[in-house]
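What follows is a short report on a single structure.
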Protein chains: 2
Amino acid sequence: MIEVHRIVETRLKGVGQRYTPKRRALVEALRRTEKPVPIPDLADGRRGLPQSSVYRNLAVLEQVGIVHRVVTGEEFARYELAEDLTKHHHHLVCKTCGKVEDVTVPVGLERSMARTVSAVAGRAGFSGVSHQLDLIGTCRSCGQNDK
Amino acid sequence: MIEVHRIVETRLKGVGQRYTPKRRALVEALRRTEKPVPIPDLADGRRGLPQSSVYRNLAVLEQVGIVHRVVTGEEFARYELAEDLTKHHHHLVCKTCGKVEDVTVPVGLERSMARTVSAVAGRAGFSGVSHQLDLIGTCRSCGQNDK
DNA sequence: CTTCCTGCAAAAGTTTTGCATTAAC
DNA sequence: GTTAATGCAAAACTTTTGCAGGAAG
């Protein structure tokens, strides 16, 4: 998946930014994990990236559409690679422990959602509308602890 | 819709809490507005509720399932009445100005989503799963400003 | 009269910013 | 050489908490 890095580099250069080793490390970390990563996990890691660099670099990468900020209501925000670089997917969120997993749904449902979403949004005067479906429930281990 | 207040009162009493005038004012404010309300709008308003009271009361009301916290990635969180007291709906969010509107989608799509969601979630070991569909785009006025 | 609510001020916690230094082009 | 990235520390900002006084049951 060198592909990904080439794309990132191109996007950054397009706005006069550099694809430094630190930024590459961030992208690598996000690419490895199949779920949105909380910010402290990107900072404290063995890479020893200082917080300010993590926040600043994620902001830059978000501006060029490489990463996507996922807000879940937890203490920290999470980041994932943007769907340009991955696949369209949704999130399965545990309302108790905050765990987030990526999931996909059947294409039939995706098509229905896309169709309906653009109709509904158009009626309300919105344009360029995408959708985001989150599934919120209790994960197996939190469910067991409750009993 | 005195109904609503009776329900709130019952829920609060159930956990040894009181339905005070301040709390009633909060519920009223949320009931009047057909969209999630940012916290400062509940605080600075003519009611002059101090921030700490707003935050504490919303937390209590959330615990008894009367209100629902909506996190959008904006500076402030928003709150709305929980779906027990309103209707199942979704949010249309402007990615530029942050504006949020309530929308509903056809029941056919709701049914498809509910069915798929529980299947997908069950496979992942999650239980008690509900869904949340957000439509994210650009509202009319932000779209005009861009040109 | 006991328990909960209120409001102010202070604390906590996440995210942003200033500034001097270092690295990239 | 010029422009951008880094890292530290401090600031900004939202949200939470402690505590004393007041209201509710």
Side-chain angles (χ1 to χ4, degrees), chain A residues 5-6 8-29 36-64 66-80 98 100, chain B residues 5-6 8-29 36-64 66-80 98 100:
Chain A
H5 293 298
R6 289 237 327 280
V8 179
E9 184 164 22
T10 304
R11 293 264 190 102
L12 286 173
K13 282 195 172 157
V15 296
Q17 301 271 328
R18 299 161 188 168
Y19 195 28
T20 66
K22 315 273 175 156
R23 289 178 180 174
R24 181 179 289 258
L26 276 178
V27 170
E28 264 305 304
V37 184
I39 284 186
D41 291 7
L42 294 168
D44 290 334
R46 55 209 166 291
R47 289 168 224 292
L49 269 195
Q51 273 200 355
S52 63
S53 294
V54 173
Y55 278 103
R56 255 193 285 236
N57 283 329
L58 288 173
V60 170
L61 291 169
E62 187 175 30
Q63 275 167 24
V64 296
I66 293 299
V67 303
H68 179 235
R69 183 182 203 166
V70 180
V71 299
T72 60
E74 297 175 289
E75 38 199 351
F76 289 95
R78 292 173 180 251
Y79 275 87
E80 65 185 359
V100 181
Chain B
H5 294 298
R6 290 237 328 280
V8 179
E9 183 164 22
T10 305
R11 293 262 190 102
L12 285 173
K13 282 195 173 157
V15 296
Q17 302 272 327
R18 297 161 190 166
Y19 196 28
T20 65
K22 315 271 176 159
R23 289 176 180 175
R24 181 179 289 257
L26 277 178
V27 170
E28 265 304 304
V37 184
I39 285 185
D41 290 7
L42 294 167
D44 289 336
R46 56 211 167 288
R47 291 167 222 292
L49 269 194
Q51 273 200 354
S52 63
S53 294
V54 173
Y55 279 104
R56 254 192 289 235
N57 285 326
L58 288 173
V60 170
L61 291 169
E62 187 174 30
Q63 275 168 23
V64 296
I66 293 298
V67 303
H68 178 236
R69 182 182 204 167
V70 180
V71 299
T72 59
E74 297 174 288
E75 38 199 351
F76 289 95
R78 290 172 181 250
Y79 275 87
E80 64 185 359
V100 180

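Just so it is clear, the structure is predicted and the values come from calculations on it, not from any experiment. Letters A, B, ... are given to chains in the order of the sequence lines, protein chains preceding strands, and every chain is numbered from 1.
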Q. Can you tell me how far the CD1 atom of A:Ile39 sits from the CD atom of A:Gln51, to the nearest 0.5 Å?
A. 8.5 Å
Q) In residues 53-64 of chain B, which residues come under 4.0 Å of DNA chain D by heavy atom? A) B:Tyr55, B:Arg56
Q: Go through residues 68-77 of chain B and report each residue with a non-hydrogen atom lying under 4.0 Å from DNA chain D, sorted by number.
A: B:Arg69, B:Glu75, B:Phe76, B:Ala77
Q. If you walk 5' to 3' along DNA chain D, what is the first nucleotide with an atom under 4.0 Å of a heavy atom in chain A, and what is the last?
A. D:dT3 to D:dA9
(Q) For C:dC4, does the base pair up with any side-chain atom of B:Arg18 as donor and acceptor (N or O, under 3.5 Å, distance only)? (A) yes
Q: Run the numbers on B:Leu49 and B:Lys22 for side chain to side chain contact (heavy atoms under 4.5 Å, CB included), then give the verdict.
A: CA-CA 8 Å; B:Leu49 269 194; B:Lys22 315 271 176 159; 3.5 Å; yes
Restricting to non-hydrogen atoms, name the atom on [X] and the atom on [Y] that form the minimum distance, rounded to 0.1 Å.
X	Y	answer
A:Pro36	A:Glu80	CG-OE1, 3.5 Å
B:Arg69	B:Ala77	NE-CB, 3.7 Å
A:Leu42	A:Ala29	CD2-CB, 3.8 Å

Q: Determine, stepwise, if the pair B:Val67 / B:Leu26 fulfils side chain to side chain contact (heavy atoms under 4.5 Å, CB included).
A: CA-CA 10 Å; B:Val67 303; B:Leu26 277 178; over 6 Å; no
Q: Would you sort out whether B:Gln17 and B:Arg23 count as a side chain to side chain contact (heavy atoms under 4.5 Å, CB included), showing the intermediate values?
A: CA-CA 11 Å; B:Gln17 302 272 327; B:Arg23 289 176 180 175; 3.4 Å; yes
Q) Do NZ/NE/NH1/NH2 and the carboxylate oxygens of A:Glu9 and A:Lys13 come within less than 4.0 Å? A) yes
Q | C:dC5 phosphate, OP1 or OP2, under 4.0 Å from B:Arg23 side-chain N/O | A | yes
Q: Report yes if at least one side-chain N or O of A:Gln51 is closer than 4.0 Å to OP1 or OP2 of C:dT14; otherwise report no.
A: no
Q. Closer to the 5' end of DNA chain D via nearest nucleotide, is it B:Tyr19 or B:Ser52?
A. B:Ser52
Q.
Quick check: do A:Tyr79 and A:Leu61 have side-chain heavy atoms less than 4.5 Å from each other?
A. no
Q: Using whole Å, report how far CD1 of A:Ile39 lies from P of C:dG13.
A: 17 Å
Q.
Heavy atoms only, 4.0 Å cut-off, all strands: where does A:Thr20 land among base, sugar-phosphate and nothing?
A. sugar-phosphate
**Q.** Verdict with reasoning, A:Val60 to A:Val15, per side chain to side chain contact (heavy atoms under 4.5 Å, CB included)
**A.** CA-CA 10 Å; A:Val60 170; A:Val15 296; 5.9 Å; no
Q. Sub-3.5 Å donor-acceptor pair from the side chain of A:Arg24 to the main-chain atoms of A:His5, do we have one?
A. no
